[in-house]
Enquirer: 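Before I ask anything, let me first share the structure, which is written out below as structure tokens.
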Amino acid sequence: MQQKGTLRLALLVAMALCATLYWPALHGPLVLDDFPQIAPLLDEEREVDTGRELFSSSGVTGRPLSMATFLLDRAVHGSDLAGWKLTNLLLHLACGALVFGLAGALARAAGIALPQGLALAVAAIWLLHPLQVSTVLYTVQRMTQLAAAFSLAGMWAYTAGRTRQLAGLPGAPARLGLAAACVPLAILAKENGALLPLYLLLVEALLFRFSGDGIARRRLGIAGIALLLVIAAAMAWALAHLLPMMRAGYAASDFTPATRLLTEQRVVASYLGQIFAPWPGRMGFYHDDVPMSAGWLQPASTLVAALLLAALAAAAFWLRRRLPLASLGILLFFAGHAIESTLWPLLPMFEHRNYFPLFGAVLAAAALLHRLLASPARRVAVAATCVAACAALTAVHAHAWRSREALTGYVLRVHPSSAWAIADASQLMTEQQRYGEAAALLRTSPRGEAELQAAYVQCLASGSVGAQDLARAGERLPARIGTYALSGLIELAALAVDRRCSMLTPALLALYDAALARPIRDSSGRGRLLLWKAQLQRAGGDTPGAIATLEIAARAQASWPVPLYLEAQWHADDGEAGAALASLARAEAAAGAAAGEYADLAGDVRAALARTPPQRAR
């Protein structure tokens with residue numbers, strides 16, 4: 001009991017150290033997917049439709065459990081982003097406690113001596129590992145954290161339940177029932193929570209090996225059949241719903257299923273490098289500079305990485321009876337990447353995809369070292385060294401997240417050829433009116449979309465951009481329009497419409513037509529581009545053409561009423577009251593139950609109608 005108390009106190013010390021290291025970074029910025037998911041909720045003046053905001057635009061489930069926590073943060077912290085990040089940090093600490101409990105339960109089931117000591121080492125390293133920084137401080141990745149939390153809790157409950165069942169102790173059914181309940185909870189946090197049944201199957205196969213008396217075996221068989229039925233139903237649903245989504249995702253991507261699967265060999269091997277040699281140069285948050293693999297030898301590191309992963313899989317098979325805990329850890333690492341690091345058409349590499357798999361990697365390493373180091377003193381020394389190294393590296397990595405300026409500079413130093421890092425740094429320089437530096441940096445970007453950002457910088461610096469520059473931006477548009485190009489096109493149009501930059505309307509419209517002729521990754525992107533094209537046409541004096549473009553936008557996205565509200569506004573401004581009222585009615589019908597969100601637009605139309613001269617209204 002005294003030893004357990006000491007170990008728990010040590011865990012609390014590790015958690016306190018973790019909180020201390022992360023604390024200065026809680027005032028860091030929003031990044032990437034934070035903007036569409038989090039930024040609207042940070043606007044305290046904006047009314048929130050709880051029923052609608054409870055479902056994210058990401059994922060097939062809408063991730064309502066995660067979104068509920070964001071709505072709670074809005075209620076408690078308002079627009080104070082540090083409070084939202086604090087919630088992530090507290091959840092990380094809670095996950096660390098779950099890792100401690102789960103690792104101890106697994107070690108006991110595997111027959112490891114002093115299981116709590118091994119559990120403490122695993123939990124402390126997992127908590128303090130620098131790879132976790134870009135999950136905890138990337139606010140929207142609370143979705144990943146919650147899915148991991150329910151997965152860890154489900155595995156712990158299952159392990160405890162099976163242990164009690166085999167020992168003939170009471171409480172086994174309740175714990176197994178809790179494990180089952182964690183599956184839908186994990187999925188409703190983020191879709192990769194659907195991997196929890198696979199994790200449970202690995203625990204059963206490697207540690208418990210389907211053992212037990214006749215009744216236990218029968219119950220386990222029934223549970224297994226039920227699990228197979230659930231998996232079969234999920235696969236049938238996936239074939240009906242997810243495969244079309246995958247096809248659409250690849251249609252809007254620069255890679256194919258084959259090239260992504262080849263590339264992920266190198267990516268997963270890189271994750272292992274980040275885990276076991278987590279130097280700052282391996283991190284950096286942005287990894288868009290990872291080249292896609294065109295074949296096993298293009299580049300040759302693809303084959304090397306595949307052989308490494310195959311060797312790890314073979315090691316897991318060889319260790320399944322000799323050292324089952326290490327085998328389990330290796331396979332949990334692979335299983336944790338089964339969705340995001342295989343065929344699903346996501347961008348190839350993000351560090352937050354290791355939040356749960358890191359547990360498997362650390363568990364495997366701890367089990368191996370426990371076997372190799374016979375001396376308890378050596379085990380403690382090695383564990384303490386690893387924890388200290390992780391803490392020091394996390395201090396460096398978390399420090400880089402303390403502000404937008406610090407993060408932008410750090411990422412650019414680590415990934416100087418990253419188009420995202422270059423774009424972010426150039427944008428920051430532009431906001432600081434360092435136009436020459438921004439333009440020079442953009443010239444180093446490997447992405448053609450940087451021409452759009454360069455034109456934007458030129459507009460702000462000189463007040464104009466020439467037709468030749470716009471034509472060059474059009475020539476360098478990517479084959480598929482992504483977020484970077486989309487935002488660049490919209491920013492240019494906004495400058496032109498607001499008359500903050502002089503540019504030839506025909507040249508800008510030609511640029512828009514070139515973009516609209518390409519596939520657009522963002523499902524709402526085409527409608528937004530059409531909306532801005534219409535405003536350019538209107539600003540150039542072509543109102544009939546602008547109205548026709550708004551109609552195309554309305555048809556392209558029937559549930560998005562903004563084009564029709566804008567059409568009504570223009571009719572009202574032009575004194576065409578009948579046409580304005582007709583367009584307003586169509587807009588409100590398209591908005592449906594969400595019409596309240598567009599109350600300001602409707603109010604602007606009615607205000608314009610009230611100003612319409614009677615003779616023109618007739």
Side-chain angles (χ1 to χ4, degrees), residues 1-12 14 94-127 149 151-179 182 196 199-213 216-217 219-220 223 316 319-333 335 356 358-376 379-380 382-383:
M1 291 296 293
Q2 184 177 3
Q3 185 188 47
K4 285 185 178 180
T6 302
L7 291 172
R8 288 171 182 168
L9 178 61
L11 176 64
L12 290 175
C95 285
L98 289 171
V99 165
F100 177 72
L102 172 59
L106 293 173
R108 278 191 297 273
I112 297 289
L114 300 175
Q116 294 297 103
L118 183 144
L120 175 63
V122 171
I125 292 171
W126 186 90
L127 272 170
S151 296
L152 292 166
M155 291 177 67
W156 187 6
Y158 183 85
T159 305
R162 282 289 282 140
T163 300
R164 297 183 76 84
Q165 184 186 65
L166 292 175
L169 297 173
R175 287 166 174 78
L176 294 175
L178 177 60
C182 283
L196 176 54
Y199 304 153
L200 299 182
L201 181 61
L202 289 173
V203 170
E204 179 62 42
L206 290 166
L207 299 186
F208 298 110
R209 298 174 186 170
F210 306 96
S211 59
D213 57 25
R217 283 178 177 272
R219 289 176 178 171
L220 201 60
L319 291 168
R320 72 191 189 283
R321 295 191 181 278
R322 296 170 178 83
L323 194 53
L325 194 62
S327 177
L328 175 64
I330 295 170
L331 294 178
L332 284 175
F333 173 78
F356 177 88
L358 177 64
F359 166 69
V362 175
L363 181 68
L368 284 168
L369 287 173
H370 188 275
R371 172 67 63 87
L372 294 173
L373 301 174
S375 167
R379 293 172 186 164
V380 171
V382 170

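For the numbers below, each heavy atom of this structure counts, side chains included, while hydrogens, waters and symmetry mates do not.
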Enquirer: Restricting to side-chain contact (heavy atoms from CB on, under 4.5 Å), what partner residues turn up for Ala121, sequence neighbours left out?
Expert: Ala383
Enquirer: Restricting to non-hydrogen atoms, name the atom on Phe210 and the atom on Glu204 that form the minimum distance, rounded to 0.1 Å.
Expert: N-OE2, 2.8 Å
Enquirer: Which pair of heavy atoms, one from Ala179 and one from Leu196, lies closest together, and at what distance?
Expert: O-CD2, 4.2 Å
Enquirer: Which pair of heavy atoms, one from Pro115 and one from Ala107, lies closest together, and at what distance?
Expert: CB-CB, 3.5 Å
Enquirer: Could you list the residues that satisfy side-chain contact (heavy atoms from CB on, under 4.5 Å) with Leu120, not counting sequence neighbours?
Expert: Leu7, Ala10, Leu11, Phe100
Enquirer: Can you tell me how far CG of Leu201 sits from CG of Leu206, rounded to the nearest 0.5 angstrom?
Expert: 9.0 Å
Enquirer: How far apart are the closest heavy atoms of Thr163 and Ala109, and which atoms are they?
Expert: OG1-CB, 4.5 Å
Enquirer: Would you call the rings of Phe356 and Tyr199 parallel, tilted or perpendicular if under 30° counts as parallel and over 60° as perpendicular?
Expert: parallel
Enquirer: What pairs with Trp126 under ring-ring contact (aromatic ring centres under 6.0 Å, His included), at least two apart in sequence or on another chain?
Expert: His92, Tyr355
Enquirer: Could you tell me whether a side-chain N or O of Arg108 sits under 3.5 Å from a main-chain N or O of Ala160, the two making a donor and an acceptor?
Expert: no
Enquirer: Tabulate below the donor-acceptor pairs under 3.5 Å that side-chain atoms of residues 166-173 make, not counting sequence neighbours, or state none.
Expert:
none

Enquirer: Could you please spell out the steps behind the side chain to side chain contact (heavy atoms under 4.5 Å, CB included) verdict for Val203 and Arg162?
Expert: CA-CA 10 Å; Val203 170; Arg162 282 289 282 140; over 6 Å; no
Enquirer: With a 4.5 Å limit on heavy-atom distance, are the side chains of Trp156 and Leu106 in contact?
Expert: no
Enquirer: Would you compute the distance between atom CZ of Arg371 and atom CG of Leu369 and round it to the nearest 0.5 angstrom?
Expert: 12.0 Å
Enquirer: Residues two or more places apart in sequence or in another chain: which of them pass side-chain contact (heavy atoms from CB on, under 4.5 Å) with Ala364?
Expert: Ile330
Enquirer: According to ring-ring contact (aromatic ring centres under 6.0 Å, His included), who are the partners of Phe333, at least two apart in sequence or on a separate chain?
Expert: His337
Enquirer: What are the two closest heavy atoms between Ala366 and Val122, and how far apart are they?
Expert: CB-CG2, 3.6 Å
Enquirer: Hey, is the main chain of Leu373 close enough, under 3.5 Å, to the side chain of Arg379 for a donor-acceptor pair?
Expert: yes
Enquirer: Between atom CZ of Arg164 and atom OG1 of Thr159, what is the distance when rounded to the nearest 0.5 Å?
Expert: 13.5 Å
Enquirer: For the residue pair Ala110 and Leu207, what are the closest heavy atoms and their distance?
Expert: CB-CD2, 3.9 Å
Enquirer: Do Arg209 and Arg320 have side-chain heavy atoms sitting under 4.5 Å apart?
Expert: no
Enquirer: With the side chain counted from C-beta on, respond yes when Met155 and Cys182 share a heavy-atom pair under 4.5 Å apart, and no when they do not.
Expert: no
Enquirer: Is there a side-chain contact between His370 and Leu325 (heavy atoms, below 4.5 Å)?
Expert: no
